Amino acid sequence: MPRRFGPYGGAFVPETLVPALSELEREWRAARRDPTFRAELRRLSRTLAGRPTPLYFARRLTERARGAQIWLKREDLVHGGAHKFNNALGQGLLAKRMGKPRLIAETGAGQHGVATAMIGAALGLETEVYMGEVDMERQRPNVLRMELLGAKVRPVTSGQRTLKDAINAALRDWISSVRTTHYLLGSAVGPHPFPSIVAEFQSVIGREIAVQSRAAFGRLPDLAVACVGGGSNAIGTFHPLRRTEVEFLGVEAGGARLRGAGAASLSHGRPGILHGAYSYVLQDREGQISETESISAGLDYAGVGPEHAWLKDSGRARYIAVHDDDALRAFHWLARDEGILPALEPAHALFAAVAEARRRPPHQRIVVTLSGRGDKDLEVVGRAARR
Ligand SMILES: *Cc1c(COP(=O)(O)O)cnc(C)c1O
């Protein structure tokens, strides 16, 4: 498992966290070779998470685009309504194996907090989730969900009061609680070994895409599209396919049109250190982390996982930014064409996929990772429609 992806990655953390990260890496290496651990992960993936998720041909969305076929990898059907549970399940089992009775997590949209609360309950682990006050306000149903699942939600009142600040708070907690606590980081970000661990637990997405596209149309897709916040659903899609001919398109949040960089760290940021890793970061000239802005809380993050930074620099993947209003358009397309309410995060990817499909011939196949369902966003979408 690499500590670096090209020049990116690493572990820039306070001294006190070094032993915890080493312990985590050690346990992880042992667990992935342990048939009992793997069997338990497989069993719960099937019986609790609901895997495998289907690969769905979006016939009417394809007719709208009048080009390449669009297929959806249905991570919105995973327990809890998003891909987040793939990672929470894996890390929850790791925490249990390490004998840690307490989980902490950060959450932006609330999806990762919900996933952590679910696995905490299922495995009998005490769970606390840090969440920025601004996010608590805009994703209220998920706050209630976490509380009903038995987790404590800790409001974060510092900084911009969103995801970045919640990660800071969780890291601060972990520094003083490493002996009893596993920090269940929710995306492919942070210090080594987190980006690699999260990528591996999410890689079930890309592995299933490979098997299911061969079964459905006899080969791998021409293009895989996924939205990028911290980058976990995208890396789970791309990583297992990296040694194939499949093209990759990562889609970041462009925020409101004509207003700054949104949250598009790969498209508009430059290399720097955030949350213990060297990667692309949205920052000002002095290196202060920029304020980010997006209609989707789950993409509203100034950094991005280091593996994506390297996929970008090496040319293996392309990254673009899609604005709020285009994501909203794609939300309504999927609702009306296919009867599926997508989360606003993958709605960014859907918009990009339809644009790509328009430019490609009908024999091409595009797979879009539908990372989550839209229930949590109904209020935001409704408010936008009334404007
Ligand atoms: C959290 C979230 C994202 C963004 O996180 P990644 O780590 O980039 O995948 C995307 N979609 C949904 C539905 C989410 O909940």
Side-chain angles (χ1 to χ4, degrees), residues 53 72-88 91 105-116 118 129 131 135 138-139 141-142 145-146 162-164 166-167 184-190 194-195 197-199 201-206 224-239 250-253 263-266 275 277 279-280 292 294-309 311 317 319 321-322 327 330-331 334 340-350 368-377 380:
T53 60
L72 307 177
K73 179 57 176 162
R74 297 291 309 276
E75 294 301 295
D76 58 314
L77 297 177
V78 173
H79 186 37
H83 70 291
K84 296 288 196 321
F85 192 70
N86 301 325
N87 169 51
Q91 285 196 51
E106 83 297 337
T107 198
Q111 292 302 102
H112 176 57
V114 168
T116 304
M118 291 188 316
V129 180
M131 187 171 191
D135 289 335
R138 58 180 169 176
Q139 306 281 321
N142 275 341
R145 253 174 225 130
M146 285 184 266
T162 59
L163 181 58
K164 163 174 73 66
I167 298 180
L184 208 165
L185 191 46
S187 190
V189 301
F194 280 113
I197 290 179
V198 176
F201 286 134
Q202 293 293 359
S203 285
V204 67
I205 302 173
V225 186
C227 63
V228 178
S232 71
N233 86 90
I235 211 66
T237 304
F238 298 168
H239 186 87
V251 185
E252 300 188 292
S265 5
L266 288 161
H275 297 135
S279 186
Y280 278 78
T292 54
S294 165
I295 194 167
S296 64
L299 301 183
D300 204 347
Y301 180 55
V304 67
E307 192 169 353
H308 286 293
L311 287 174
Y319 296 88
V322 161
F331 176 100
L334 198 70
I340 299 170
L341 297 170
L344 282 171
E345 291 85 3
H348 290 73
L350 281 166
V368 190
T369 299
L370 192 63
S371 55
R373 64 175 188 229
D375 310 46
K376 68 180 177 57
D377 295 317
V380 175

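All ligand and atom numbering here is 1-based and tracks the order in the structure. The model shown is predicted, which means the values in this text are computed figures rather than measured ones.
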Shortest protein contact, atom 12 (C) of ligand 1 (heavy atom only): Ser371 OG, 3.5 Å

salt_bridge(Asp300, Arg138) N-O dist < 4.0 Å: yes

Donor-acceptor pair, side chain of Ser294 and main chain of Ala263, under 3.5 angstrom: no

Ligand-residue contact atoms, ligand 1 with Gln111, heavy atoms, under 4.0 Å: 15 (O)

Atoms in ligand 1 with a heavy atom of Gly372 nearer than 4.0 Å: 13 (C)

Ala234, any N or O under 3.5 Å of ligand 1 N or O: no

Side chain Glu345, main chain Gly298, donor-acceptor under 3.5 Å: yes

Donor-acceptor under 3.5 Å (Glu252 side chain, Ser265 main chain): yes

Backbone or side-chain N or O of Lys84 under 3.5 Å from ligand 1 N or O: yes

Distance-only donor-acceptor check, side chains His239 and Glu307, under 3.5 Å: yes

Taking atom 4 (C) of ligand 1 as the reference point, the nearest protein heavy atom with its distance: Gly298 O, 3.3 Å

Heavy atom of His83, distance to ligand 1 below 4.0 Å: yes

Exam field: side chain Lys84 to backbone Asn233, donor-acceptor pair closer than 3.5 Å: no

Ligand 1 contacted by Ala109 (non-hydrogen, < 4.0 Å): no

Plane angle bin for His275 and Tyr301 - parallel if under 30°, tilted between 30 and 60°, otherwise perpendicular: parallel

Numbered atoms of ligand 1 (with element) below 4.0 Å of Ser232, judged on heavy atoms: 6 (P), 7 (O), 8 (O), 9 (O)

Residue Gly229 vicinity, atoms of ligand 1 by number, heavy atom under 4.0 Å: 8 (O)

Ligand-residue contact atoms, ligand 1 with Gly231, heavy atoms, under 4.0 Å: 6 (P), 7 (O), 8 (O)

Non-hydrogen atoms of Gly250 and Phe238 that approach each other most closely: N-CZ, 4.0 Å

Heavy-atom proximity to atom 9 (O) of ligand 1, best of Asp76, Val198, Asn233: Asn233

Per-atom contacts, ligand 1 versus Ser187 - under 4.0 Å to a heavy atom: 6 (P), 7 (O)

Donor on one side chain, acceptor on other, Asn86 and Gln202, under 3.5 Å: yes

Location of contacts on His112 toward ligand 1, heavy atoms closer than 4.0 Å: neither

